[in-house]
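Everything below concerns the one structure shown next.
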Amino acid sequence: MSTLVIVESPTKARTIRNFLPSTYRVEASMGHVRDLPSSAEEIPEAVKGEKWAQLGVNVEADFEPLYVIPKDKKKIVKELKDALKDATELILATDEDREGESISWHLLQILKPKVPIKRMVFHEITREAIRDALTHCRDIDNRVVQAQETRRILDRLVGYTLSPLLWKKIAWGLSAGRVQSVAVRLLVCRERERRAFRQGSYWDLKATLTPPKAPAQGQAGAFEAKLVTVGNVKVANGSDFDENTGQIIVGRRVLLLNEGQARALLERIQNKPWTVTNLEERPVTRKPSPPFTTSTLQQEANRKLRLGARETMRIAQSLYERGFITYMRTDSVHLSEQAIAAARTCVQELYGSEYLSPQPRKYTTKSKGAQEAHEAIRPAGSTFRTPQQTGLDGIDFRLYDLIWKRTVASQMADARQTHVTLLTQVEDAGFRSSGKRIDFPGFLRAYVEGSDDPDAALEDQEVILPALKVGDKPVCKDLEAVGHETQPPARFTEASLVKMLESEGVGRPSTYASIIGTIVDRGYAKLVANALIPTFTAFAVTTLLETHFPDLVDTGFTSRMEQTLDEIATGEAKWLPYLDKFYRGETGLQTQVKEQESQIDAKVARTVVLENISAKVCIGKYGAYLEAEREEGPVKASIPQDLTPADLDPEQVEFLLKQKTEGPEKLGLHPETGEPIFVLIGSYGPYVQLGEVSETNKKPKRTSLPKGTDKDNVTMEMAVGLLTLPRLLGTHPETGAKVQAALGMYGPYVVHDQGKVGKDYRSIKPPDDVLTIGLDRALELLSQPKAVRGSSKTATPLKELGAHPESGELINVYDGRYGPYVKHGDINASLAKDESVENFTLQKALDLLAAKEAAGGGKSSSKSKKSTKTAVAKSETATEKTAAKKTTAKKTTTAAKKTTTKKAATATATKKKATSS
């Protein structure tokens, strides 16, 4: 008999299993085991006829939720029930936030245990933390469960009530959400600002000055000075312009210089003497930032590592479950006494006592809703492993490094800097030079926001001015007139959107990753060069919601809703009256939808109104399109998917409509076939086409332009070259298979095509060109190892086992998303959950691979399958020399087969819903 411990994921189970006695059995629930029905087929027959069944919430019976066990979770539930039969105690060890509490509650409802039950919580997975948590178990917190359930019901009511309305009025498949729709509106509002923006231009002067005497070795020499005044009147800069007019803001007393005036001023002061009129030094002290919360980690990982919010949370969850960091969904900046001591020890040992803050720094969380967890995100344990001591690599290493540096820096001394302002005068023109001197780097020695290399960042931050005093006469070495143009408001990145949502109190940081993911997945925004760009669909949906349901996309209203939900969690507010008022009240959602539906004109809802655009922009079944009236009647033209509302201008509208009415623009005639070559714009962007569409040529040859290539810059030579793609470069010297260069969805590439055996791809990066690359260079690229996604490094094996007896290919153990696995060809086989990587042998790997093949795993050909089976047979024959080895081999084979069968049965469920952000 044993104690059954249930956690969410296999990785977490594997890690915890190492810290518990052998009498404890740890199993994974694979996330939520119950939820509201996601489709009609999940609704039980007994209630299918009810009006509320599709909603999944019986609004007439105190908003009672209809919980079902999804198909892919039924086997897991059965396994957990079977495991519980042999247990004398049940410990629910899911995460300590609302979701984790809810999973534990649902497990309790499903399993109905007759043995003692405990709720174990911890915010880091270390031996010490797990053993301590075992001695401090508690009951399930029903108030937290109720708060989570209220959020879930509220989200369902909003989504399932508004989404069908959007399907009817705009397009099928659209969705609305309590936080999602507010986030989309923020993107749309910013894009409207960009469309309304009017550019302004201004000129000033920039001088390069040197001290009157040559500086001593090691001292600063030349420095820059910018024009700031003329005749004691401030010279206009970008901050003086009105974004909506492109003119100077009314009431500003500034001098706006145009190019002619700037050059005339330059000529007037060109050879005149310069004088230092003022020198000001201002000491500045900078304190370190607090340790990471969920939102600040997402923001900084986006800025420094270019990771999206979802990817950041996926990696952070993996680090947490493997015992490297504390729990990654938290609003708290608090550090435990143990963590403060560990951080201060790191500072003492790595940087010296002078870099320690005089007193331990204790951070407190200002947000009222900060109840997701008890501590900030930090390295796990009572001592912090340096990034180099973890054995991590690739993006795992870089994210851990970021967390480690931020935590350690939080206990370091302040940085002391001196800001220097130097004013110089020549005739009636005043110039300013700004410098910065770092007197003591303090925490900046370990961590500089937005920079990967603190030492390099420190050098970049310093701007040293020469030692000058008032009355000195610096020498002007160069003077130039510089033109400037004001820029539109920057689009939101994932980092800046997360920051905005948090500052407005919309949603909770633990949900931001999934919200941004949904916005992109549902086609409301495109992620281009780290910027979130709203689509025409986002404009249409936002306009409809703003017009008919303004509260639901108002940040203030949504923020107040979050506060109420937090009050429900603390017992300050009652959930049922709140839900009833929100949904069924006089101004409730259900009432509003009934009243507004008949007032919404579908044709108007599908139309996006943009200033300065004569044609209508409409949302259709296959995306956005233009509609305009011409002499010959109405004309419709598709808008390319990569063209955004902010970038659609009258010239592009005219080109698309002209292309539709007059036909494509002819570039020239193909030198070999004599057929015309056209440059066109389609739904997926610009492309070149050989020949016209006709009865005999229904599908002429077409090739997309490489990303970043403007259609106006396409030459005949480039077009002819693109139309030759894919190019046959020759045959591979080892296989005789063809090697080609081509252009794909993700850019140019070379491919080694071995037919049924498979294809091997490598990207073509500048300065290589898909139109000119030769066979030798292609073979060189193909010989290089493939990079791991999200990392510049190749996959590093956890353990090298040796060569395959038949193929000679190396077999290694790798760390995968769902734990360690072995790989041979296209076959991956996971290690048993109780299998140690250190004790795993080549023979075990061969047995495991053979069992996986027998079960139909992998994509390998019959030839490779035969190879593996033969290899196993040979290897087993060799092991017969030793009786003990033979016995071990048999046991291992049996264990491997059992494990593989179990893994195969749950593989689909694992992929669909492992615990994720």
Are [X] and [Y] packed together at the side-chain level, in the sense that at least one heavy-atom pair is separated by less than 4.5 angstrom?
{"X": "Leu532", "Y": "Arg491", "result": "no"}
{"X": "Leu690", "Y": "Val720", "result": "no"}
{"X": "Leu705", "Y": "Tyr687", "result": "no"}
{"X": "Ile677", "Y": "Met716", "result": "yes"}
{"X": "Thr709", "Y": "Met718", "result": "yes"}
{"X": "Val541", "Y": "Ile170", "result": "yes"}
{"X": "Arg777", "Y": "Leu781", "result": "yes"}
{"X": "Thr542", "Y": "Val553", "result": "no"}

For Leu186 and Thr555, what are the C-alpha separation, side-chain angles and deciding distance, and is it a side-chain contact (heavy atoms from CB on, under 4.5 Å)? CA-CA 9 Å; Leu186 289 173; Thr555 53; 4.2 Å; yes
Spacing of [X] atom [atom1] and [Y] atom [atom2] [to the nearest 0.5 Å]:
{"X": "Leu680", "Y": "Ser704", "atom1": "CG", "atom2": "OG", "answer": "11.0 Å"}
{"X": "Phe539", "Y": "Arg185", "atom1": "CZ", "atom2": "CZ", "answer": "12.5 Å"}
{"X": "Glu300", "Y": "Leu307", "atom1": "CD", "atom2": "CG", "answer": "11.5 Å"}
{"X": "His752", "Y": "Gln740", "atom1": "NE2", "atom2": "CD", "answer": "11.0 Å"}
{"X": "Gln247", "Y": "Asp242", "atom1": "CD", "atom2": "CG", "answer": "9.0 Å"}
{"X": "Thr607", "Y": "Ile619", "atom1": "OG1", "atom2": "CD1", "answer": "8.5 Å"}

Does a sphere of radius 6.0 Å around CD in Glu611 hold more than 12 heavy atoms from other residues, nucleotides or ligands, not counting ones at 6.0 Å or beyond? no
Heavy-atom count check: over 12 atoms from other residues, nucleotides or ligands less than 6.0 Å from Lys616 NZ? no
Is there a donor-acceptor contact under 3.5 Å from the side chain of [X] to the main chain of [Y]?
{"X": "Gln261", "Y": "Glu259", "result": "no"}
{"X": "Thr511", "Y": "Gly507", "result": "no"}
{"X": "Thr731", "Y": "Ala737", "result": "no"}
{"X": "Arg306", "Y": "Arg303", "result": "yes"}
{"X": "Asp396", "Y": "Asp393", "result": "no"}
{"X": "Thr486", "Y": "Gly200", "result": "yes"}
{"X": "Glu780", "Y": "Asp776", "result": "no"}
{"X": "Gln199", "Y": "Ser201", "result": "no"}
{"X": "Thr312", "Y": "Gly308", "result": "yes"}
{"X": "Ser163", "Y": "Ala176", "result": "yes"}

Of all the heavy-atom pairs spanning [X] and [Y], show the shortest one and how long it is.
{"X": "Asn612", "Y": "Pro650", "value": "O-CG, 3.3 Å"}
{"X": "Ala183", "Y": "Ile515", "value": "CB-CG2, 4.3 Å"}
{"X": "Leu667", "Y": "Thr715", "value": "CD2-O, 3.7 Å"}
{"X": "Leu743", "Y": "Pro748", "value": "CD1-N, 3.6 Å"}
{"X": "Thr543", "Y": "Thr547", "value": "O-OG1, 2.7 Å"}
{"X": "Ala615", "Y": "Leu626", "value": "CB-CD2, 4.3 Å"}

Taking only residues at least two apart or on different chains, which pairs with a member in residues 521-540 satisfy side chain to side chain donor-acceptor pair (under 3.5 Å)? Ser175-Arg522, Asn302-Asn530, Arg310-Asp521
Lys/Arg N to Asp/Glu carboxylate O, Arg762 vs Asp760, below 4.0 Å: yes
Any salt bridge between Lys206 and Glu224, counting N to O under 4.0 Å? yes
May I ask you to decide if the ring planes of His484 and Tyr202 are parallel, tilted or perpendicular, using 30° and 60° as cut-offs? parallel
Could you walk me through whether Met313 and Tyr512 satisfy the side-chain contact (heavy atoms from CB on, under 4.5 Å) test, starting with their C-alpha distance in whole Å, then the side-chain angles of each, then the deciding distance to 0.1 Å, before giving a yes or no? CA-CA 10 Å; Met313 295 309 291; Tyr512 292 157; over 6 Å; no
What's the verdict on side-chain contact (heavy atoms from CB on, under 4.5 Å) for Asp647 and Ile533, showing C-alpha distance, side-chain angles and the deciding distance? CA-CA 10 Å; Asp647 300 324; Ile533 306 175; 5.6 Å; no
Have Glu675 and Thr673 got a donor and an acceptor in their side chains that come within less than 3.5 Å? yes
Hey, mind stepping through Glu654 and Arg630 against salt bridge (charged side-chain N to carboxylate O under 4.0 Å, His left out) and telling me if it holds? CA-CA 12 Å; Glu654 199 55 40; Arg630 291 290 188 265; 3.6 Å; yes
Steps toward side-chain contact (heavy atoms from CB on, under 4.5 Å) verdict (Phe197, Asn244): CA-CA 5 Å; Phe197 171 79; Asn244 297 316; over 6 Å; no
Salt bridge (Lys or Arg N to Asp or Glu O under 4.0 Å) partners for Arg192, two or more places apart: Glu546
With Asp649, which residues qualify under salt bridge (Lys or Arg N to Asp or Glu O under 4.0 Å), at least two apart? none
